[in-house]
Protein chains: 2
Amino acid sequence: MLAVTGTRKARRATVHDVAAAAGVSRGTVNRVLNGGYVSVDARAAIEAAIAEVGYVPNRAASQLARQRSQAVGFLALEPHSLLLEDPNIGAIMLGANAVLSLADHQMVSLVIDSDRDMQRVGRYLSGGFVDGAIIVSARSHDPITRLIAEIGLPATFVGHPPDLARDIPFVGIDNIGSARAITERLIGTGRERIGMVAAALDRDSGADRLTGFKQALGDRFDPALVADVPLYDYAYGVKGMRALLDREPALDGVFAASDAVAAGALETLREAGRRVPEDVGLVGFDDSSWALRTQPPLSTVHQPARDIGRHAAELVLRQIAGDPVEPSLLLDSPVVWRQSA
Amino acid sequence: MLAVTGTRKARRATVHDVAAAAGVSRGTVNRVLNGGYVSVDARAAIEAAIAEVGYVPNRAASQLARQRSQAVGFLALEPHSLLLEDPNIGAIMLGANAVLSLADHQMVSLVIDSDRDMQRVGRYLSGGFVDGAIIVSARSHDPITRLIAEIGLPATFVGHPPDLARDIPFVGIDNIGSARAITERLIGTGRERIGMVAAALDRDSGADRLTGFKQALGDRFDPALVADVPLYDYAYGVKGMRALLDREPALDGVFAASDAVAAGALETLREAGRRVPEDVGLVGFDDSSWALRTQPPLSTVHQPARDIGRHAAELVLRQIAGDPVEPSLLLDSPVVWRQSA
DNA sequence: TTGTACGCGTTATCAG
DNA sequence: CTGATAACGCGTACAA
């Protein structure tokens with residue numbers, strides 16, 4: 001049973017049609033559309049006409065004439081697993097969308113899942129389809145970073161400072177300081193042998209969290225107590241924790257590079273017969289929904305993801321408006337103390 | 001420390017510039033761009049010129065002239081919590097993007113988070129900015145459903161059949177049949193008192209899963225053994241399971257409406273001192289990452305989310321091409337038997 | 001206050 | 001095979 005659908009190509013009404021129906025010129029129609037002095041009579045007639053012919057503005061034409069699209073791109077360069085499951089990036093999107101929406105800008109989020117995607121998205125951005133972009137988790141050597149800099153598109157980076165393109169603002173948190181802070185609090189609970197499941201050391205956030213951990217420990221830092229895994233991920237949390245336990249069974253404290261990693265670590269500790277927090281204190285990072293889902297709930301670092309999104313959007317809008325912006329913005333990321341340590 | 005950035009407005013090169021640089025007319029340039037007969041000399045000169053002036057096509061202009069955008073919208077109408085955490089929708093996006101990408105279409109995903117968003121997205125869709133749309137989880141009374149039907153935009157619904165717009169194709173799974181199948185398998189393990197944590201009964205998927213459950217149980221169905229909660233969510237799984245245990249402590253089998261719900265239920269069962277699967281058999285739905293993360297891993301129904309996305313995209317592309325499409329497509333969703341039942 | 005005319009960058013048509 | 005030229009639908013000076 002087949003049916004042809006979506007074929008009614010009924011040409012959409014244009015300003016021209018509206019003008020004709022209302023008995024005025026196109027210029028006048030435009031004035032009621034985009035604000036301007038119009039007589040009451042004309043306005044009434046035109047509004048009636050608009051409804052009658054079912055006029056809907058053509059954004060492509062508008063964009064071409066106006067040379068801007070009222071749209072902002074949102075790109076996340078995380079690997080799949082994260083894009084699909086990291087609630088942070090969803091929260092960032094929602095925050096960004098909220099402020100863009102208020103400014104009557106359409107946020108269009110573009111997925112990059114292959115080289116081909118990368119090419120196409122590049123053309124999309126360069127093609128004037130967006131007035132600006134928010135780029136999450138890009139690194140200096142990502143092709144997108146160069147592209148953005150080259151075409152001079154108003155943009156804001158989130159999550160990883162683009163050291164290549166110094167004049168593009170960045171918004172994020174102080175990973176080093178927060179990691180140090182939470183490790184110090186862990187030390188404060190009297191733990192003696194503290195290890196870390198570090199993750200994503202090839203990203204700034206991952207490397208920074210390890211740095212903060214080292215700083216907090218100072219002389220007591222022992223490289224043997226660091227297990228590093230490639231991704232912020234539950235499964236890698238399991239793996240990393242196992243490695244750590246193998247190396248140092250007497251471990252009594254663990255800093256996991258993210259809540260997902262911590263959740264995996266928690267499961268492993270439980271399997272190994274260690275009680276949390278009695279035998280081992282465990283802390284995470286992100287304050288994602290993982291943190292509340294585990295038993296006991298995780299002590300962690302709160303990432304103000306929503307605010308990060310909001311600020312990123314604001315920075316982009318300001319650049320579009322031609323206003324000056326500060327080159328980077330670090331938001332507060334307080335330690336949240338729960339029961340896992 | 002403030003800096004103005006993103007202000008270099010270097011006018012981008014146009015076909016005109018390329019033509020001038022290559023010493024040919026715009027028509028010829030266009031022919032090398034979009035395929036056509038061009039002499040080798042001309043082609044070489046033009047390609048050199050393109051590289052030289054750094055020409056990038058302007059999509060708005062192209063869209064205006066060609067009357068299509070080579071873009072497809074992706075809308076998810078789930079409540080926040082789901083949008084942020086349901087891995088299924090991410091997988092659907094990735095599947096859809098894969099086939100759109102191959103067809104050189106840009107997938108733009110639009111978030112709808114307020115009435116204002118709804119309005120703006122409506123204008124966006126109506127404005128010719130996309131040639132088609134994939135709509136996840138829309139229901140008949142969602143404004144978007146009417147809009148899509150009205151403007152006759154090639155579209156495909158995913159997850160919930162739009163009974164209002166019968167001529168728009170739908171792709172999904174057979175929720176009733178799958179729910180029945182997994183409940184039957186649960187019965188097959190010898191469980192006597194089987195309950196269900198039903199969720200989202202206001203959505204087709206939620207209602208259908210309950211229907212399947214009833215069908216499987218037949219005469220043995222007992223309304224008292226159904227707890228219903230508003231969302232497919234971990235926290236509601238906890239809540240629903242508690243209600244169920246209160247009503248029937250002798251429960252020995254549970255069908256949770258989704259894996260997230262099942263995970264919450266599992267935690268509750270554990271707290272209540274019930275062993276899974278020894279004392280209580282538990283099954284979920286979705287085969288999301290939740291299913292593998294729990295201890296023991298969940299028996300569940302596999303949702304081919306990626307394939308759903310692929311097919312949805314294909315259906316949209318076919319409509320754009322004016323080809324006939326079948327009105328609806330149900331994909332296989334096999335039962336996956338693991339250790340929780 | 002209103003109408004007119006031109007430009008935005010591409011694509012498409014039609015002679016040459 | 002190539003070069004003019006007219007749309008595409010809207011914004012915006014400028015003139016009325």
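Chain letters run A, B, ... following the sequence lines, proteins first, then strands; residues in each count from 1.
- In this structure, the CD atom of Q63(B) is 19 Å from the P atom of dC8(C), given to the nearest Å.
- Remark: Q106(B) engages R120(A) in a side-chain hydrogen bond (donor to acceptor under 3.5 Å, both in side chains) (not counting sequence neighbours).
- Taking the side chain to side chain contact (heavy atoms under 4.5 Å, CB included) definition, one finds that Q70(A) meets it with R59(A), R68(A), D104(A), H105(A), sequence neighbours left out.
- In terms of the side chain to side chain contact (heavy atoms under 4.5 Å, CB included) criterion, residue partners of L330(A) (sequence neighbours excluded) are, by chain and number, F170(A), D174(A).
- Atom C1' of nucleotide dT10(C) and atom CZ of R68(B) are separated by 13 Å, given to the nearest angstrom.
- Shown here are the side-chain hydrogen bond (donor to acceptor under 3.5 Å, both in side chains) partners of N58(B), two or more places apart in sequence or in another chain: there are none.
- Residues forming a side chain to side chain contact (heavy atoms under 4.5 Å, CB included) with S62(A) (at least two apart in sequence, or on another chain): R66(A).
- Remark: C1' of dT2(C) and CG of D41(A) are 13 Å apart, rounded to the nearest angstrom.
- Separating the NE2 atom of H16(B) from the P atom of dG7(C) is a distance of 12 Å, rounded to the nearest angstrom.
- Contacts of residues 45-62 of chain A with DNA chain D (heavy atom under 4.0 Å): Y55(A), P57(A), N58(A), A61(A), S62(A).
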Sort me out a list of protein N/O and nucleotides 2-6 of chain D N/O pairs below 3.5 Å, or just none if empty.
residue, atom, partner, partner atom, Å
dT2(D), OP1, S39(B), OG, 2.4
dT2(D), OP2, S39(B), N, 2.9
dG3(D), OP2, S25(B), N, 3.2
dG3(D), OP2, S25(B), OG, 3.4
dG3(D), OP2, T28(B), OG1, 2.6
dG3(D), N7, R31(B), NH2, 3.0
dG3(D), O6, R31(B), NH2, 2.8

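- D17(A) places its CG atom 9 Å from the P atom of dG9(D), with the value rounded to the nearest Å.
- Per the geometry, CG belonging to N34(B) stands 10 Å off P belonging to dT10(C), to the nearest Å.
- The overall bend of the helix from dT1(C)-dA16(D) to dG16(C)-dC1(D), read as the angle between its terminal helix axes built from five base pairs each, is 40° when rounded to 10 degrees.
- What separates CD of Q70(B) from P of dT11(C) is a distance of 11 Å, to the nearest Å.
- Nearest approach of V53(A) to V18(A), heavy atoms of both residues: CG2-CG2, 3.8 Å.
- Under the side chain to side chain contact (heavy atoms under 4.5 Å, CB included) criterion, D142(B) pairs with L77(B), A138(B), R139(B), I144(B), T145(B), not counting sequence neighbours.
- The minimum heavy-atom distance between S109(A) and S109(B), with the atom names listed, is OG-OG, 2.5 Å.
- Remark: F129(A) engages Y124(A), F129(B) in a ring-ring contact (aromatic ring centres under 6.0 Å, His included) (not counting sequence neighbours).
- Here N30(A) does not reach the OP1 or OP2 of dT12(D): none of its side-chain N or O atoms lies under 4.0 Å away.
- For dT10(C), neither phosphate oxygen OP1 nor OP2 lies less than 4.0 angstrom from any side-chain nitrogen or oxygen of R66(B).
- A search for side-chain hydrogen bond (donor to acceptor under 3.5 Å, both in side chains) contacts involving S114(B) returns D117(B), not counting sequence neighbours.
- At dG9(C), one or more side-chain N or O atoms of Q67(A) fall inside 4.0 Å of OP1 or OP2 (strictly under the cut-off).
- By the salt bridge (Lys or Arg N to Asp or Glu O under 4.0 Å) test, R31(B) is found to be paired with no residue, residues two or more places apart in sequence or in another chain being considered.
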